[in-house]
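What follows is a short report on a single structure.
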Amino acid sequence: MNEPHTSEAKPLDFIRQIVARDRESGKHPAPITRFPPEPNGFLHIGHAKSICLNFGIAGEFQGRCHLRFDDTNPTKEEEAYVTSIKEDVRWLGFDWGEHLYFASDYFEQLYQFAEQLIEQGNAYVCDLSAEQIRQLRGTLTEPGTNSPYRDRPVSENLDLFRRMRAGEFDDGSRVLRAKIDMGSPVVLMRDPVLYRILRAHHHRTGDRWCIYPMYDFTHCLSDMLESITHSLCTLEFQDNRALYDWVLDTLHTPIHPRQYEFARLNLSYTVMSKRKLRLLIENGLVDGWDDPRMLTISGLRRRGYTPRAIRGFCEEIGVGKKQSWIDMGVLENAVRNDLNEHAPRAMAVLKPLTVIIDNYPDDQVEMVTAANHPKRPELGNRELPFSREILIEQDDFMEDPPAKFFRLGPGREVRLRYGYNITCTGYEKDPETGEISVVHCTYDPASKGGTPEGRKVKGVIHWLSAAHARPCAVVLYDRLFMEEDPESDKETEFTEHLNPDSRRLLQGCYMEPALADLPIGKPVQFERQGYFCKDQRQEDPLAPLFNRTVTLRDSWAKLSQK
RNA sequence: UGGGGCGUAGCCAAGUGGCUAAGGCACCGGGUUUUGAUCCCGGCAUCCGUAGGUUCGAAUCCUACCGCCCCAGCCA
């Protein structure tokens with residue numbers, strides 16, 4: 001990670017400007033940030049933005065970034081999510097070193113701070129029910145009403161709170177509240193709940209506690225205990241900052257981290273909230289958190305996205321305070337950019353059509369040399385078998401092609417990538433189905449190294465020697481939703497906008513032999529088609545399954561639409 | 001009718017009183033090309049939510065208005 005520079009570099013976003021200013025003023029020579037996920041689901045692309053921001057700043061400014069699990073609600077959190085989150089952050093390329101923390105490790109200290117608040121007269125035990133508290137809270141335009149328990153003496157509050165901890169009261173029967181201002185225009189400041197009684201098994205503290213601290217009380221103190229300098233969160237927490245500061249100010253903590261808010265990531269053609277992602281899973285609309293159509297980190301990984309592509313995407317979209325909608329195309333473009341540079345090329349035929357080269361010797365097989373990457377010779381070459389009968393893509397032949405179609409058709413000549421030029425001499429149809437079954441061609445022996453001088457052949461198509469091709473299967477993924485904003489219409493459930501063609505399984509595909517040894521997850525470009533990788537699930541050992549990460553840009557598809 | 005934020009091209013996003021308003025994506029032209037890919041070149045806001053005002057000079061300062069987002073969980 002590099003130092004952010006002053007001249008001619010990318011301009012700093014507003015948070016990095018603050019960090020830079022704090023460093024220059026000597027206030028914080030090295031920033032300490034944190035990524036604070038709640039372990040209640042898998043990480044998604046929106047989290048990646050936050051991860052890249054927090055860890056990115058730490059790297060660029062020689063600070064550090066903590067990974068802290070915000071695990072204060074045992075009813076929703078699980079160890080399995082802790083595991084997956086750690087894996088995903090690491091996979092994205094970030095390292096928290098020794099700095100792995102859990103808010104639950106602070107429970108005892110947090111409890112002591114709560115007692116301090118009580119002793120100072122800044123918190124009280126309230127016996128109102130959740131419903132009563134809600135009623136007395138007021139509305140956005142009307143102030144709230146003081147709880148009848150608001151003026152309990154300190155000694156009684158302390159006694160009650162200790163008994164809450166000791167388990168003497170039922171769940172929900174009492175809470176600890178901050179004594180702030182029921183008339184505050186900021187609803188959050190109307191004596192917010194700090195602790196609730198909850199008998200739930202916690203994934204780390206087990207049954208040691210039956211009271212659990214709330215987010216607003218926990219987060220600021222956790223930041224303080226870890227000496228966080230810049231506490232970065234999303235826009236919807238802007239109001240919470242008042243409470244964040246109130247807790248630290250009232251407790252007179254020696255350290256007071258500052259909270260800054262940035263806009264969360266919204267992407268078109270998808271949903272981002274964990275709640276909705278979970279709904280898709282629970283209703284069987286996708287296969288799980290790592291379904292390649294999901295924009296979870298694990299889904300993207302399985303789909304073939306690389307950490308570099310995701311980081312590049314996060315860098316490209318920037319960080320600001322304006323609620324923004326990034327087009328899905330920007331994400332897709334980010335993988336294309338990365339994979340174009342790094343993925344080796346190979347050939348595969350997804351919908352095969354047999355071509356017989358009539359003037360090629362029946363029993364002959366020769367090897368042709370193909371580059372693994374057109375711009376990176378250091379990635380080497382491979383040898384491909386060529387023979388009389390080959391397989392091409394059905395889409396690369398038309399009986400009656402328009403002039404702009406640069407591929408095969410009666411009488412037309414094309415170049416076989418890395419092979420020969422062939423000219424179509426005829427074709428056969430299946431008498432039953434009427435589908436084209438075989439295309440006949442002749443090849444030009446003089447065209448092996450390239451199209452001979454003076455002749456211009458515009459079209460280049462991919463192919464496979466029929467006798468040498470190996471079977472494979474491919475899953476073509478497309479956007480999960482058909483609507484740009486699946487959540488826009490309040491009347492319709494977002495799941496009704498699911499794209500029925502978001503996943504298409506293609507069987508009976510063929511690939512070049514060397515692909516049999518390609519490791520799972522390693523990206524490869526199928527020339528002229530897109531980027532693919534072997535799926536982690538391989539049920540048929542004789543026909544590996546590939547996931548399509550993203551298509552290549554296709555200006556012909558665009559043209560032919562017109 | 002409360003509070004907190006935000007408004008620069010189709011989408012992001014620089015700009016923090018003074019040359020013709022960065023850059024990216026998308027889009028449109030053209031060139032190169034054994035991937036209709038990549039790459040390269042060119043085009044793309046007389047204008048910065050609107051209306052006034054301050055100033056020699058404003059997207060940048062002031063005023064008013066308009067629009068959008070968030071907040072009434074014992075979720076985070």
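Protein chains get the first letters and strands the later ones, always in sequence-line order, with residue 1 at the start of each.
- Taking atom C1' on both nucleotides, G17(B) is separated from C12(B) by 27 Å, rounded to a whole Å.
- For Lys274(A), no side-chain nitrogen or oxygen approaches OP1 or OP2 of C75(B) to under 4.0 Å.
- Glu261(A) and Arg241(A) are joined by a salt bridge, as a carboxylate oxygen and a charged side-chain nitrogen come within less than 4.0 angstrom of each other.
- Using a 4.0 Å cut-off between a side-chain N of Lys or Arg and a carboxylate O of Asp or Glu, Arg174(A) and Glu168(A) do not qualify as a salt bridge.
- Arg190(A) has no side-chain polar atom (N or O) that falls below the 4.0 Å cut-off from OP1 or OP2 of G73(B).
- Between Phe386(A) and Tyr443(A), the angle of the ring planes lies from 30° to 60°, which puts this pair in the tilted group.
- Taking syn as a glycosidic angle within 90° of 0, G73(B) qualifies as syn.
- Distance check on atom P: U60(B) versus A9(B) gives 15 Å, rounded to whole Å.
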Can you give the dot-bracket line for RNA chain B, where a pair is Watson-Crick or G-U wobble with both atom distances under 3.5 Å, crossing pairs use [ ], and | marks a partner on another strand? .(((((((.[[[..)..(....]]].(((((.......))))).....[[[[[..)....]]]]])))))).....

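- Of the candidate nucleotides G2(B), A72(B), G15(B), G2(B) has the atom lying nearest to any side-chain atom of Pro185(A).
- Contact check on Arg258(A) versus Asp245(A) returns a salt bridge, with a Lys/Arg side-chain nitrogen under 4.0 Å from an Asp/Glu carboxylate oxygen.
- For the pair Arg34(A) and Tyr101(A), the cation does not sit on the ring face, since its NZ or CZ is not both under 6.0 Å from the ring centre and inside 45° of the axis.
- The side chain of Arg196(A) has C75(B) as its nearest neighbour among A14(B), C28(B), C75(B).
- Residue-to-nucleotide contacts include a donor-acceptor pair under 3.5 Å from the side chain of Arg415(A) to the base of U34(B).
- The residue among Asp554(A) and Glu38(A) whose nearest nucleotide of RNA chain B is located toward the 5' end is Asp554(A).
- Separation of the P atoms belonging to A58(B) and U16(B) is 15 Å when rounded to the nearest angstrom.
- A salt bridge is absent between Asp71(A) and Arg204(A): the closest approach of a Lys/Arg side-chain nitrogen to an acidic carboxylate oxygen does not fall below 4.0 angstrom.
- Nucleic acid contact class of Leu243(A) (heavy atoms, under 4.0 Å, all strands): none.
- Comparing Tyr215(A) and Gly459(A), the nucleotide of RNA chain B nearest to each residue sits closer to the 5' end for Gly459(A).
- Between Phe237(A) and His219(A), a ring centre-to-centre spacing not shorter than 6.0 Å is recorded.
- Closest to the side chain of Arg134(A), out of A72(B), G4(B), C70(B), is A72(B).
- Distances from the side chain of Arg417(A) to the nucleotides C69(B), U35(B), G15(B) place U35(B) closest.
- Considering only side-chain atoms of Leu552(A), the nucleotide from C27(B), C75(B), A37(B) that sits closest is A37(B).
- Not a single donor-acceptor pair, N or O on each side, falls under 3.5 Å between the base of U35(B) and the side chain of Gln529(A).
- Between the C1' atoms of U32(B) and G24(B), the separation comes to 24 Å (whole Å).
- One C1' atom belongs to G23(B), the other to A13(B), and the distance between them is 8 Å to the nearest Å.
- OP1 or OP2 of C74(B) has not a single side-chain nitrogen or oxygen of Ser129(A) nearer than 4.0 Å.
- Asp239(A) contributes a side-chain N or O that forms a donor-acceptor pair with the base of G3(B) under 3.5 Å.
- Within the 4.0 Å cut-off from OP1 or OP2 of C74(B), not a single side-chain nitrogen or oxygen of Arg199(A) is found.
- Nucleic acid contact class of Pro374(A) (heavy atoms, under 4.0 Å, all strands): base.
- Taking only side-chain nitrogens and oxygens, Lys321(A) never comes nearer than 4.0 Å to OP1 or OP2 of G4(B).
- Closest contact between the side chain of Asn333(A) and the listed nucleotides C74(B), U35(B), A26(B) involves A26(B).
- For the ring-ring contact (aromatic ring centres under 6.0 Å, His included) with Phe161(A), the qualifying choice from Tyr195(A), Phe169(A), Tyr124(A) is Tyr195(A), the only one to do so.
- Here the side chain of Met214(A) is nearest to one of G73(B), C27(B), A22(B), namely G73(B).
- Asn421(A) comes within 4.0 angstrom of nothing in the nucleic acid, heavy atoms only.
- Phe237(A) comes within contact range of at least one nucleobase, with a heavy-atom separation under 4.0 Å.
- For the residue pair Thr369(A)/Asn381(A), the side-chain donor-acceptor check at 3.5 Å is not satisfied.
- A donor N or O paired with an acceptor N or O is found under 3.5 Å between the base of G36(B) and the side-chain atoms of Arg407(A).
- Atom name C1', nucleotides U63(B) and G2(B): the rounded distance is 23 Å, in whole Å.
- Atom C1' of A51(B) sits at a distance of 23 Å from the matching atom of C56(B), rounded to the whole Å.
- Annotation: G67(B) and A72(B) have their P atoms spaced 23 Å apart (nearest Å).
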